[in-house]
Amino acid sequence: AASKVNGGSRSGSIVAPLVVNEEFQNIDVNPPKGTRDFPPEDMRLRNWLFNHFKEVSRLFGYEEVDFPVLETEALFIRKAGEEIRDQLYCFEDRGNRRVALRPELTPSLARLVIQKGKSVSLPLKWFAVGQCWRYERMTRGRRREHYQWNMDIIGVPEVTAEAELISSIVTFFKRIGITASDVGFKVSSLKVLQEFFKKYGVPEDLFGRVCIIIDKIEKIPIDEIKKELGFTGISDDAIEQLLQVFSVKSLDDLEDILGGVGEAIADLKQLFSLAEKFGYSEWIQFDASVVRGLAYYTGIVFEGFDREGKLRAICGGGRYDRLLSTYGGDDIPACGFGFGDAVIVELLKEKDLLPELGQEVENIVCALDKDLQGAATTIATALKDKGQTVDLVLESKPLKWVFKRAARVNARRPVLVGKLVRSVSRFCLQVSNFKSNLMTWSSSI
Ligand SMILES: Nc1ccc(Br)nc1
């Protein structure tokens, strides 16, 4: 059956037999665990959200890009022990290739920039909205897919790039009614860690691992953090100092601990100054504990959070100046962010800001007699040719049915195609029951 179904095994490899639903049986009509369907009412909210993502991106002059959901596994394998790797949705395809459903978009974007090489001129300002995956044991009942909005700037080493990215997210929040009293951004820089490593002689190659551990600082007990840091070989004294660095709450305290203004503090001071110019100072605060849990960040990092502390991070991003060179590309500076489609919806629900998005159609066209279906079709086509939306009733239905459907599809105007000879009084009585005060009555043609 297998060879018949998939045309026999090519190139001699053993092809796993496809599961063929030979006889009809009750299949599970729910989507696979951790995934979602988008029926019309959910698709309207998703389109509303994604349209805001895309309109803000275009407002800032960014170009849309996209990549395959399926990538080679190697694109996401980094040695730093990130959660994103532990949850990689990876498998071996029929060509024995190791592939993965992308857990994020940044590596694909980096791959495309390298592929484009000198054929593109820097800086690049790209955005994408794409589905990302993780494989988590469903015991935690969490989702395995979400859609992420990404904006990235490739080729700008200055902090002006990060400042613009945060501005674009603030613009998005304002468009959907979220204010600085609902949401803020915790901002820090991983150059703090670099300067600390230099000061305490910690080997550079521990950078990614230490970031991943520090990212858990608010999620697991501090003793566990110390233990995991101890496993990296960092001395106890350095660990104590390190935890002090990640607990400071102001740039001045940081300056004291690091013994002066290095690159990290200079970058952060510039970002806060630019925030004034962009007009979003009230949205951001320094928080040394932000490391974002991805090993490729190298500079400023930021994370959007809900001030009531009820939800997980809303979005996050930062500078990743080394990522392209780790893939064999040139050492091109880059920064970007990812913004998921789930937490923001929870926040909108919390703030009672979900939009009312009913179905809308301008016309419902119906033939009152079977032999007028052709006339109704001609009228419907004429309306569509003029750019009007039309729900054409495709079979002969009683008027009562038509008005019920008109109400359900929220039609603004019923267009009823009938013969003039029909008694007007009965007709008007039925029409007057319809809520809309707008209607056109087309005589038969
Ligand atoms: N990276 C990632 C992918 C999918 C989901 Br749901 N969450 C995070």
Spacing of [X] atom [atom1] and [Y] atom [atom2] [to the nearest 0.5 Å]:
{"X": "Glu360", "Y": "Arg412", "atom1": "CD", "atom2": "CZ", "value": "7.0 Å"}
{"X": "Leu383", "Y": "Thr381", "atom1": "CG", "atom2": "OG1", "value": "8.5 Å"}
{"X": "Leu243", "Y": "Ser289", "atom1": "CG", "atom2": "OG", "value": "11.5 Å"}

Considering residues at least two apart in sequence or located in another chain, which fulfil the salt bridge (charged side-chain N to carboxylate O under 4.0 Å, His left out) criterion with [X]?
{"X": "Lys191", "result": "Glu263, Asp267"}
{"X": "Arg36", "result": "Glu145, Asp341"}
{"X": "Glu255", "result": "Lys269"}
{"X": "Asp93", "result": "Arg97"}

Spell out, as yes or no, whether a donor-acceptor pair under 3.5 Å connects the side chain of [X] to the backbone of [Y].
{"X": "Arg134", "Y": "Arg143", "answer": "yes"}
{"X": "Asn410", "Y": "Gln359", "answer": "yes"}
{"X": "Glu362", "Y": "Thr389", "answer": "yes"}
{"X": "Ser189", "Y": "Ala264", "answer": "no"}
{"X": "Arg144", "Y": "Glu136", "answer": "yes"}
{"X": "Ser167", "Y": "Ala163", "answer": "no"}
{"X": "Asp306", "Y": "Val183", "answer": "no"}
{"X": "Asp28", "Y": "Asn30", "answer": "yes"}
{"X": "Tyr135", "Y": "Cys90", "answer": "no"}
{"X": "Asp182", "Y": "Thr179", "answer": "yes"}

Task: Contacts of type side chain to side chain donor-acceptor pair (under 3.5 Å), residue Asp152, not counting sequence neighbours - done: Tyr320
Hey, can you pull the donor-acceptor pairs under 3.5 Å for the side chains in residues 217-226, sequence neighbours left out?
residue, atom, partner, partner atom, Å
Lys219, NZ, Asp215, O, 3.4
Lys219, NZ, Asp215, OD2, 3.3
Lys226, NZ, Glu240, OE2, 3.3

Side-chain contact, heavy-atom cut-off 4.5 Å: [X] with [Y]?
{"X": "Tyr147", "Y": "Leu49", "answer": "no"}
{"X": "Arg85", "Y": "Phe76", "answer": "no"}
{"X": "Phe207", "Y": "Thr298", "answer": "no"}
{"X": "Glu71", "Y": "Ser108", "answer": "yes"}
{"X": "Leu357", "Y": "Glu41", "answer": "no"}
{"X": "Val99", "Y": "Glu92", "answer": "no"}
{"X": "Leu323", "Y": "Thr326", "answer": "yes"}
{"X": "Lys174", "Y": "Trp283", "answer": "yes"}

- [ ] Would you check, one step at a time, whether the test side chain to side chain contact (heavy atoms under 4.5 Å, CB included) holds for Val248 with Phe286?
- [x] CA-CA 9 Å; Val248 294; Phe286 170 71; 3.9 Å; yes
Open item on the list: I'd like to know whether Leu112 forms a side chain to side chain contact (heavy atoms under 4.5 Å, CB included) with Trp126, so could you lay out the CA-CA distance, the side-chain angles of the two residues, the decisive distance to 0.1 Å, and finally the verdict.
Closed with: CA-CA 11 Å; Leu112 182 59; Trp126 286 354; 3.8 Å; yes
Salt bridge [X]-[Y], side-chain N to carboxylate O under 4.0 Å:
{"X": "Asp66", "Y": "Arg102", "answer": "yes"}
{"X": "Glu308", "Y": "Lys351", "answer": "yes"}
{"X": "Arg58", "Y": "Glu64", "answer": "yes"}
{"X": "Lys118", "Y": "Asp330", "answer": "yes"}

Kindly check if the number of other-residue, nucleotide or ligand heavy atoms within 6.0 Å of [atom1] ([X]) is above 12?
{"X": "Glu63", "atom1": "CD", "answer": "no"}
{"X": "Lys116", "atom1": "NZ", "answer": "no"}
{"X": "Asp385", "atom1": "CG", "answer": "yes"}

Exercise: identify the closest heavy-atom pair between [X] and [Y]:
{"X": "Cys335", "Y": "Arg319", "value": "CB-CA, 3.7 Å"}
{"X": "Asn150", "Y": "Gly338", "value": "ND2-CA, 3.6 Å"}
{"X": "Leu254", "Y": "Val245", "value": "CD1-CG1, 4.1 Å"}
{"X": "Gly184", "Y": "Arg307", "value": "CA-NH2, 3.4 Å"}
{"X": "Leu347", "Y": "Ile178", "value": "CD2-CD1, 3.6 Å"}
{"X": "Ile364", "Y": "Val402", "value": "CD1-O, 4.0 Å"}

TODO: Just do the side chain to side chain contact (heavy atoms under 4.5 Å, CB included) check on Phe196 and Ile257 with the steps written out, would you?
DONE: CA-CA 9 Å; Phe196 177 88; Ile257 282 201; over 6 Å; no
Open item on the list: If we check ring pair (Phe, Tyr, Trp, His ring centres under 6.0 Å) with Phe339, which of these qualifies: Trp149, Phe302, Phe50?
Closed with: Trp149
Open item on the list: Using 30° and 60° as the class boundaries, would you call the ring planes of Phe173 and Phe185 parallel, tilted or perpendicular?
Closed with: tilted
Open item on the list: Using the rule given for side chain to side chain contact (heavy atoms under 4.5 Å, CB included), can you reason through Leu70 versus Leu101, listing the C-alpha separation, both sets of side-chain angles and the distance that settles it, and then say yes or no?
Closed with: CA-CA 5 Å; Leu70 185 74; Leu101 299 181; 4.1 Å; yes
